[in-house]
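Within every chain, numbering begins at 1; the chains are lettered A, B, ... in the order of the sequence lines, protein sequences first and strands thereafter. The model shown is predicted, which means the values in this text are computed figures rather than measured ones.
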2 protein chains.
Amino acid sequence: MYTIGQVSQMFNIPISTLRYYDKEGFFPNLKRSSGIRRFDEQDIEALKVIECLKESGLELKDVKQFIKWATKGSSTYKNRKELFEKRKIAVEQEIKKLQKTLNILEYKCWYYDKAIKDGTEDRIYKMLPNKLPPKIQKLYDSFH
Amino acid sequence: MYTIGQVSQMFNIPISTLRYYDKEGFFPNLKRSSGIRRFDEQDIEALKVIECLKESGLELKDVKQFIKWATKGSSTYKNRKELFEKRKIAVEQEIKKLQKTLNILEYKCWYYDKAIKDGTEDRIYKMLPNKLPPKIQKLYDSFH
DNA sequence: CCTTGACATAAAGTTAGGTTTAGGTATTAA
DNA sequence: TTAATACCTAAACCTAACTTTATGTCAAGG
């Protein structure tokens, strides 16, 4: 049995966050003695689940939904799988988008590196795209 | 010369967003005739810059800083490069984190796929980590 | 003359996931 | 006895990038 302060230390999560999770209903079985929260193994397990699902990029409302399904047992495996499947597709798209972003940034870095060396941007502006270094041209093409 | 409605259509950006950008000072040279905003080529160029920098994942306050530097000329190439360099490193880290997230999600998908096939999670719980399929074991190890 | 539509403003609302504040209780140590 | 801790609550605040709302101006068309 742990107090909120102990759980906070064990998981390195602010007390305010634990209270917030409680208020949001993430510890359906949390007990109290004379008003003070007492976290038992079940509550600690619930917290581990929250942490893990947050790690996988789920929003809290999805975590909540997942917990509901999990307490309903084996009839909800499909729902749970679909939840992760959807999130997986979203993450794959996020990664793709960030890789495009990275191309832009690498181009920008090259651009200003050259501007610094030349002392001016003029020579870059006058450069035809097909005269760019091959690697840079690839970057350039990837977002134009 | 364009009205706000025309610009909104040309760029597919809500009118409210354009007004917001204006209020935030992103169109330092925007003219008005009898109270109505008139966007000229310069303002359109400014908007293109905003769009491009937002594409590269910069926050509006960084976009603002960049514009300030850009109007100061060649003496700020270094500042501008550093801005992109920093953002580049941040994006690389975001991608790494998402790839870890993806590993968790792929594991979860495998897990529930198997639970659906078995009709129960029990057999997975009893499975030793070194008895997992090699690909799944790799995923599992990557976040444990 | 009246309505429609495009423009304008200021201020409040939205979202998520908390954090901070103000005020109160209960136990314990000096 | 009083001071320090650790706990409690409700409600306000935070960030970013907008969006919505309420209200108003102005010109053209029927």
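- Atom CD of Glu24(A) is separated from atom C1' of dG17(C) by 9 Å (rounded to the nearest Å).
- A salt bridge links Glu82(A) and Lys78(A); the closest N-O separation between the charged side-chain nitrogens and carboxylate oxygens is under 4.0 Å.
- Between Tyr2(B) atom OH and dA6(C) atom P the separation is 19 Å, expressed in whole Å.
- An OP1 or OP2 oxygen of dT20(C) is reached within less than 4.0 angstrom by no side-chain nitrogen or oxygen of Arg19(A).
- Both Lys23(A) and Ile4(A) sit near DNA chain D, but only Ile4(A) has its closest nucleotide nearer the 5' end.
- Residue-level contact check: Thr3(A) touches the backbone only, with heavy atoms under 4.0 Å from sugar-phosphate atoms and none from bases.
- Taking atom OH on Tyr20(A) and atom C1' on dT19(C), their separation rounds to 11 Å, with Å as the unit.
- Comment: Glu94(A) does not engage Lys97(A) in a salt bridge, judged by the lack of any side-chain N to carboxylate O separation of less than 4.0 angstrom.
- With rounding to whole Å, Arg32(B) atom CZ is found 19 Å from dA6(C) atom P.
- Applying the side chain to side chain donor-acceptor pair (under 3.5 Å) test to pairs two or more places apart or on separate chains, those with a residue in residues 130-144 of chain A are Asn103(A)-Ser142(A).
- Under the 4.0 Å criterion applied to side-chain N and carboxylate O atoms, Asp22(A) and Arg32(A) are assigned as salt-bridge partners.
- Salt bridge present: Lys48(B) and Glu45(B) bring a charged side-chain N and a carboxylate O closer than 4.0 Å.
- We find that CD of Glu55(A) is positioned 15 Å from P of dG17(C), with the value rounded to whole Å.
- The NZ-P distance, from Lys54(A) to dA16(C), rounds to 14 Å in whole Å.
- When the C1' atom of dG5(C) is taken as reference, atom CD1 of Ile36(B) falls 12 Å away, rounded to whole Å.
- Between dC7(C) and Arg37(B), no contact under 4.0 Å exists linking OP1 or OP2 to a side-chain N or O.
- Here chain B contacts DNA chain D (any atom closer than 4.0 Å to a heavy atom, that is under 4.0 Å), and the contacts span dA17(D) to dT20(D) from 5' to 3'.
- In this structure, Tyr107(B) has its ring center under 6.0 Å from that of Trp110(B).
- Open room surrounds CZ on Arg123(B); 12 or fewer heavy atoms of other groups in view lie less than 6.0 Å from it.
- Positionally, the nearest nucleotide of DNA chain D for Lys61(B) lies more toward the 5' end than for the other of Thr17(B) and Lys61(B).
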